[in-house]
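The shown structure was predicted, so the numbers you read here are calculated from the model rather than taken from an experiment.
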Amino acid sequence: MSLWLKNHKTYLCGLLVIGLLGLAFLPVLAQEATEPPAEAPAAEVAPGEAPAPKIDTGDTAWVLTCSALVLAMTAPGLVLFYGGMVRRKNALGTMMHSFIILCLISVQWVLWGYSLAFGPDKGGLIGGLEWVGLNGVGLDPNPDYAGTIPHQAFMIFQAMFAVITPALIVGAFAERIKFSAFLLFTLLWATFVYDPLAHWVWAVGGWLRNLGALDFAGGTVVHISSGVSALVCAIVLGKRIGHGSEPMPPHNLPLTLIGASMLWFGWFGFNAGSAVASGALATSAFVVTNTATAAAALAWMFAEWAYRGKPTVLGAASGAVAGLVAITPASGFVGPISSIMIGIGAGVICYFAVVMKNSFGYDDALDVFAVHGIGGTWGAIATGLFANPAINSAGKGLFFGNPGQVMTQIMAVAATWILAIVGTFILLKIVDAIIGLRLTREDEQTGLDLSQHSESGYSF
Amino acid sequence: MSLWLKNHKTYLCGLLVIGLLGLAFLPVLAQEATEPPAEAPAAEVAPGEAPAPKIDTGDTAWVLTCSALVLAMTAPGLVLFYGGMVRRKNALGTMMHSFIILCLISVQWVLWGYSLAFGPDKGGLIGGLEWVGLNGVGLDPNPDYAGTIPHQAFMIFQAMFAVITPALIVGAFAERIKFSAFLLFTLLWATFVYDPLAHWVWAVGGWLRNLGALDFAGGTVVHISSGVSALVCAIVLGKRIGHGSEPMPPHNLPLTLIGASMLWFGWFGFNAGSAVASGALATSAFVVTNTATAAAALAWMFAEWAYRGKPTVLGAASGAVAGLVAITPASGFVGPISSIMIGIGAGVICYFAVVMKNSFGYDDALDVFAVHGIGGTWGAIATGLFANPAINSAGKGLFFGNPGQVMTQIMAVAATWILAIVGTFILLKIVDAIIGLRLTREDEQTGLDLSQHSESGYSF
Amino acid sequence: MSLWLKNHKTYLCGLLVIGLLGLAFLPVLAQEATEPPAEAPAAEVAPGEAPAPKIDTGDTAWVLTCSALVLAMTAPGLVLFYGGMVRRKNALGTMMHSFIILCLISVQWVLWGYSLAFGPDKGGLIGGLEWVGLNGVGLDPNPDYAGTIPHQAFMIFQAMFAVITPALIVGAFAERIKFSAFLLFTLLWATFVYDPLAHWVWAVGGWLRNLGALDFAGGTVVHISSGVSALVCAIVLGKRIGHGSEPMPPHNLPLTLIGASMLWFGWFGFNAGSAVASGALATSAFVVTNTATAAAALAWMFAEWAYRGKPTVLGAASGAVAGLVAITPASGFVGPISSIMIGIGAGVICYFAVVMKNSFGYDDALDVFAVHGIGGTWGAIATGLFANPAINSAGKGLFFGNPGQVMTQIMAVAATWILAIVGTFILLKIVDAIIGLRLTREDEQTGLDLSQHSESGYSF
Amino acid sequence: MKKIEAIIKPFKLDEVKEALADIGVLGMTISEVRGFGRQKGHKEQYRGTEYTIEFIPKIKIEVVVPNEKADNAVKVIMNAARTGTIGDGKIFISNLDQSIRIRTGETGESAL
Amino acid sequence: MKKIEAIIKPFKLDEVKEALADIGVLGMTISEVRGFGRQKGHKEQYRGTEYTIEFIPKIKIEVVVPNEKADNAVKVIMNAARTGTIGDGKIFISNLDQSIRIRTGETGESAL
Amino acid sequence: MKKIEAIIKPFKLDEVKEALADIGVLGMTISEVRGFGRQKGHKEQYRGTEYTIEFIPKIKIEVVVPNEKADNAVKVIMNAARTGTIGDGKIFISNLDQSIRIRTGETGESAL
Ligand SMILES: Nc1ncnc2c1ncn2[C@@H]1O[C@H](COP(=O)(O)OP(=O)(O)O)[C@@H](O)[C@H]1O
Ligand SMILES: Nc1ncnc2c1ncn2[C@@H]1O[C@H](COP(=O)(O)OP(=O)(O)O)[C@@H](O)[C@H]1O
Ligand SMILES: Nc1ncnc2c1ncn2[C@@H]1O[C@H](COP(=O)(O)OP(=O)(O)O)[C@@H](O)[C@H]1O
């Protein structure tokens with residue numbers, strides 16, 4: 001029996017994932033059937049009739065467009081960005097990580113994730129199960145979150161955030177994790193780290209929201225949480241075989257550069273969509289996102305040029321991503337000139353974080369911690385510095401006369417670091433005990449593509 | 001003379017295609033010149049003035065955005081999805097198929113396709129020629145189809161559907177069709193199969209529409225029609241040389257995965273845009289599209305994992321596409337939990353359809369029939385099962401107390417199968433007689449890229 | 001000292017670029033801090049409140065979406081389109097050109113570019129420095145340019161045009177320019193050629209605008225200017241080593257085809273977004289953009305098929321781009337049938353321009369002049385022929401009874417050619433004197449990737 | 001021992017491999033090469049320019065066999081690889097001093 | 001002079017290179033080849049179809065050494081390339097008539 | 001017959017091919033190889049890490065010629081491939097027992 005168990009661990013994990021997904025599944029099916037026809041969107045197809053009272057067509061168009069854009073950040077954005085950076089033998093497997101997270105968390109979010117994150121508050125710490133299976137999450141606006149778009153539009157926009165966050169982590173354990181372990185870890189992490197954290201920061205009643213922490217589009221929830229968790233993953237999993245002795249150059253940098261471009265493109269949805277409405281605030285967020293990103297790419301490139309003698313393409317792409325990360329929490333609070341500062345800071349700080357990595361000796365394969373952990377932390381603090389009440393009355397930073405904001409930001413950062421470190425560590429240990437995290441030596445040498453998926457990325 | 005004809009068949013085909021395109025061309029040119037300035041969109045550029053009475057800016061923004069998204073499904077979506085799956089020597093040629101269809105049908109649609117499909121009804125079977133060259137298809141809304149956007153916005157959104165449908169078929173005859181024959185077949189198929197079918201299902205007066213068949217975004221018109229036609233193509237063209245004996249692995253699966261991602265991204269336009277307005281219905285369609293797709297990808301992956309021992313990346317990507325196909329007709333009628341059911345069904349059913357293909361012996365090279373034909377059929381029937389009047393009062397399925405809907409759906413499916421089989425078969429025979437469908441043995445061995453286009457995809 | 005200078009020229013250039021960027025930087029930082037809270041976009045997040053008076057959510061959603069689309073034209077569009085066409089050893093370096101321009105000009109535009117182009121007019125020739133650092137460019141609409149969207153939305157939309165224009169030029173000097181020289185040239189060109197030209201044609205008070213020249217979306221400003229400048233670059237830099245003797249086939253045409261697809265996709269934003277509002281005019285521009293592009297791709301393909309015996313994939317992709325270029329100035333003025341004419345003209349004319357290039361002997365590596373210079377010139381003149389007052393009352397062409405328009409168009413074209421030739425020539429000479437334009441023989445033989453960036457695109 | 005190098009058309013590889021297996025030759029090493037000879041190359045055209053690609057993709061099979069098997073091996077390769085059209089390729093035979101199996105250190109024919 | 005051709009597992013390349021450098025062999029030429037032999041290939045599956053890929057990626061090292069160095073070179077290659085599992089590869093040794101350094105025209109052992 | 005193997009710098013291929021054609025050598029087989037020797041490799045840097053790539057891309061030309069043509073062939077290859085800088089490559093000459101044209105079965109020099 002125990003031998004059988006050992007041999008079938010991989011498969012068992014599949015069942016486990018299915019089981020977990022299924023848990024919340026059956027009870028809610030009935031609910032949908034009896035869901036009250038609270039409003040009649042069908043009216044919309046009949047020409048000439050007025051739309052439901054409060055829904056604004058422009059705002060809804062914008063938020064749906066943004067939801068599609070944020071999806072494009074994960075796939076094909078991250079799929080390409082990370083996929084191009086690994087060695088050829090791991091190309092498909094690494095791409096699969098991002099892609100399957102999109103699938104897994106899309107379902108998890110509908111079944112229970114949204115409810116845990118945004119459902120009726122329980123003590124500031126977590127949402128209740130009232131909205132499991134989207135029960136009660138209908139097509140009327142929910143003024144708590146967005147007063148002019150259907151509640152489900154807000155839900156699906158948030159779904160894309162829940163998707164990309166664990167997908168960012170995969171860069172840390174690239175090229176050496178078992179696929180089954182990865183699946184289970186992702187599902188647990190989304191449920192026990194991401195969902196609570198999203199609640200703390202964004203949900204009505206969340207304790208960090210109540211504290212007054214500013215995080216417009218997810219600097220803490222998305223980037224610090226994934227970046228810090230990535231560091232824990234890199235340390236717990238250990239180095240790749242040959243790390244430090246063999247060269248491990250990216251196998252296809254054009255893919256990485258396209259991925260960075262798609263991330264930039266999609267990030268407009270991420271940041272400007274976080275206004276959950278079309279108009280001035282969305283415009284402001286759009287402008288500073290573009291500006292900070294550009295400045296950060298230039299800053300990384302020039303820093304590298306000065307420090308190492310050559311401006312690299314991977315550097316420019318990485319700098320752009322660092323800029324996107326850093327401007328994320330600030331994007332609804334700062335003006336264009338401030339965004340240049342934030343971008344320059346991000347490019348320089350993250351470049352040196354990447355350089356210093358080697359002296360610490362952990363193998364964060366694709367530098368998730370340096371870019372998202374450090375970049376996100378810089379962005380969260382910078383929000384506390386540069387937030388300009390003329391842009392958004394909800395935020396006032398140190399440079400505009402509110403020194404307290406920086407402290408609040410630091411508290412939010414610290415809380416996020418702690419949750420990410422503790423949560424990730426525990427979950428990794430659990431998954432390691434059940435399935436085992438790392439590939440066998442032989443599988444790792446063969447590569448993810450053949451060992452985990454029986455496929456080759458390229459057949460030239 | 002007949003020898004000359006034989007040697008120049010290829011080129012003659014080009015002339016034929018041009019000729020056909022030109023036919024409707026000249027008469028309408030004059031019309032445009034005298035087109036009455038029914039409304040003055042120029043007013044829009046002058047700031048401060050009110051827009052034309054009934055046009056809603058949010059709805060129009062949404063439908064135009066969606067039109068761009070659906071274009072992205074064909075190129076680069078299908079270009080990549082199919083292009084990555086063939087062998088290297090056919091990479092460019094296969095990509096060209098999708099790309100040139102985008103060009104060819106974009107022009108065909110403006111010249112006569114839209115008129116045949118949506119023009120004034122003739123007996124429930126076909127549209128009249130009144131709208132040839134977009135004569136009378138202006139910038140005022142046409143309340144028959146979409147009351148809050150310019151008529152041309154509806155037209156261009158539909159154009160993208162007319163484009164992608166034949167582009168889906170190309171997976172069936174991949175790696176062995178003559179380029180000239182392909183061009184001619186596509187033009188004929190769009191005109192004699194797609195345009196009538198679109199009329200039946202969607203046009204005012206279309207007989208399947210009158211019957212009450214539910215097809216929100218094109219399950220029958222787009223997917224069943226292309227999938228079933230693909231099967232006919234695969235059978236009539238015969239197998240590729242070496243099929244079954246030589247390995248024919250995909251040459252570049254990362255491209256295929258990016259293609260699947262772009263399909264997913266663009267499909268939001270396809271399904272949520274089919275509300276032809278922004279708002280609750282579009283939101284609902286968006287949400288179920290994402291959810292069903294994710295569920296289908298997981299379902300295919302787990303089915304394959306259980307059945308063959310390994311979860312594959314191509315499987316997950318294929319499952320996502322199967323899910324997108326299946327949710328298409330249902331997307332404006334069902335809720336999120338139903339969409340998970342539909343997705344799981346799609347993933348499992350299409351996976352086994354692909355597996356069973358080998359025992360039938362036809363060579364549907366890229367599994368168009370299994371994914372679009374079978375997946376589309378499942379989706380059409382599932383719409384009859386899960387349609388929830390609380391989502392859209394226009395649709396009520398078996399599980400909500402209307403058993404008759406399933407029968408209506410089956411009739412629509414059957415009609416589509418019959419038109420696709422008969423139409424495709426006749427057109428293939430005609431094209432075969434005029435130009436010859438298949439490459440010579442030598443050209444097929446050389447590959448499409450060099451033999452048809454004198455180009456190499458890669459020069460490494 | 002002079003030796004030191006010689007050895008550090010490359011690095012000095014970096015400093016120069018930073019310095020130039022920094023020049024306008026510091027003075028404006030203070031301004032932002034004191035920027036009056038003229039309007040309170042924060043109100044937007046508070047549900048239920050009315051948005052700022054004149055901002056239309058649908059129009060804003062559309063223009064922001066279009067801005068993202070135009071960004072996607074540069075990256076990943078041009079990155080891929082050009083990157084796939086060069087030899088493998090220059091793949092990354094060529095991609096970097098487009099990508100880093102996106103970064104560089106995004107910052108330049110915010111700091112001083114927008115002010116020079118659209119700032120308060122100085123004698124019809126240039127904008128003043130009043131808007132440096134976006135001082136005074138806020139979130140209220142500026143009715144001079146777009147009355148229903150925030151001024152910054154118009155600014156960021158225009159930023160994407162300022163980005164892509166120099167990015168088009170890079171095809172001319174591909175595979176042989178020093179990275180540092182390229183950076184400096186781009187910054188100067190954007191400032192001294194693009195910004196004034198944009199002012200002439202689009203700004204309130206610009207002399208070409210006052211003249212009545214029609215250029216809806218940038219045929220002169222973007223395409224003629226970049227295409228003609230490209231010709232000057234090709235001539236001044238001279239041929240690549242081995243040009244004419246060694247084969248230089250594209251290394252990765254699938255990337256080029258994806259790039260062309262992304263250009264098409266993004267160009268909807270370029271043209272339809274130039275209505276700076278959602279509605280009838282945007283719809284019309286969208287429709288003719290798609291139609292002309294498709295017609296041009298077919299025309300190029302058939303022209304090549306007839307002339308050389310094979311329809312090529314690169315030809316179809318190039319034809320599509322030629323069509324996009326040609327319809328750009330006309331897109332807000334002509335109807336669908338005219339757009340087919342314009343497209344056919346573009347495909348045929350640009351194909352033969354490409355063929356004839358070889359007899360002139362300059363090495364415009366990726367045919368920027370033939371496609372953008374010639375195609376743009378054709379489009380500008382065609383606008384004077386086909387402009388239909390029924391589509392847009394602001395434009396009336398020869399075929400609609402206004403022969404004078406053609407002359408105006410020719411004047412605008414001539415002015416653009418002259419500015420582009422003179423400006424580019426002077427700037428190239430300056431940059432050559434300071435840094436030197438061309439790579440050393442050895443670096444050119446090694447390729448851009450290793451010599452300029454110490455990276456390899458692929459590691460298979 | 002003899003080393004047989006055969007330059008063949010790529011799509012003939014599987015047939016040659018089977019044919020060798022049939023006579024008990026169970027090891028070989030192949031590589032992708034490009035050949036130049038009587039067989040004409042193909043034209044490629046990219047926009048205004050036309051190139052003639054003179055080097056044609058071929059597969060090189062290297063197989064080491066005991067002396068007594070050499071003639072037979074050559075014969076089956078020839079039969080399997082022949083299409084009768086120009087460009088079928090060549091077989092080159094040379095002498096080998098020694099062969100060693102890395103795993104075991106076996107030498108000579110027992111290393112094959 | 002002797003020409004040594006070693007077919008090895010790709011991930012052993014660095015070790016073999018170091019080992020040769022240690023005994024003073026400072027030049028070599030390598031190529032990517034695919035091998036067929038006792039070592040079983042792997043399975044790949046694409047949708048409904050399963051393929052067995054029988055040709056396994058290997059690295060071929062070609063190194064020319066003076067006669068007296070040959071035995072030693074073979075020995076260090078064998079030690080460095082061995083994992084003890086099937087598929088470690090072969091070493092083939094043959095005689096070379098002449099070698100020339102293109103840059104200088106030097107011939108014989110001084111060309112190496 | 002002699003088998004000449006030349007390892008050259010990739011961009012010299014066309015010149016060598018022309019030079020051989022000029023003396024009537026009309027067939028050859030080439031492959032992409034990587035070489036290690038006196039010529040230093042290049043540095044690549046990816047984010048924090050710097051690698052030295054020691055194996056340099058080279059082209060290997062294999063050409064079989066009748067004995068009497070060998071010296072001349074070697075000479076023209078040498079002239080065409082020489083740049084005078086380190087890394088120009090090597091020429092190796094060895095003896096060939098037999099060569100066969102697959103298409104016709106011709107053997108010996110008439111097979112070339
Ligand atoms: N002298 C030669 N030395 C080495 N390889 C040769 C030689 N001649 C021909 N080849 C190889 O054999 C292949 C086939 O030769 P070719 O002359 O085209 O046709 P055939 O074998 O029918 O005479 C060439 O592509 C080349 O790879
Ligand atoms: N007769 C042969 N001729 C040429 N190469 C061979 C021969 N036999 C084996 N090889 C090469 O050696 C490699 C290893 O051989 P294999 O039989 O798999 O394992 P082992 O070396 O452990 O016996 C093969 O992949 C192939 O490249
Ligand atoms: N002993 C050797 N055996 C096989 N190939 C060698 C040997 N020495 C050098 N080479 C090949 O010759 C190439 C050139 O040699 P290198 O020492 O760099 O320069 P040079 O030919 O100028 O002396 C190397 O890259 C390698 O491919």
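E/Ile86 touches chain D through backbone and side chain together, each having a heavy atom under 4.5 Å away. Only the side chain of E/Phe55 has a heavy atom closer than 4.5 Å to any heavy atom of chain D. Contacts of D/Leu13 with chain E are made by side-chain atoms alone, with heavy-atom separations under 4.5 Å and no backbone atom involved. For E/Thr85, the part lying near chain D is the backbone, with the side chain staying farther off; criterion is any non-hydrogen pair under 4.5 Å. With a 4.5 Å cut-off on non-hydrogen atoms, E/Glu54 touches chain D through its side chain but not through its backbone. At a 4.5 Å heavy-atom cutoff, the contact between D/Glu32 and chain E is made by side-chain atoms alone. When heavy atoms are compared at a cutoff of 4.5 Å, D/Ile30 approaches chain E by way of both its backbone and its side chain. With a 4.5 angstrom heavy-atom cutoff, E/Lys90 touches chain D via backbone and side-chain atoms both.
When atom types are taken as modelled, the side chain of E/Arg82 and the backbone of D/Arg103 share a donor-acceptor pair closer than 3.5 angstrom.
Contacts with chain D were tallied for E/Gln39, E/Lys58, E/Lys60, E/Arg38; E/Arg38 has the most, counting heavy-atom pairs under 4.5 Å.
The CG atom of D/Asp97 lies 10.5 Å from the CD1 atom of E/Ile4; values are rounded to the nearest 0.5 Å.
Minimum heavy-atom separation, D/Leu96 to E/Ser94: CD1-CB, 4.0 Å. Looking at every heavy atom in both residues, D/Ile102 comes nearest to E/Ile7 through CD1-O, 3.8 Å.
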For this session: Kindly determine whether D/Lys3 and E/Phe92 satisfy side-chain contact (heavy atoms from CB on, under 4.5 Å), including the steps that lead there.
Result: CA-CA 9 Å; D/Lys3 177 176 175 189; E/Phe92 300 125; 5.9 Å; no
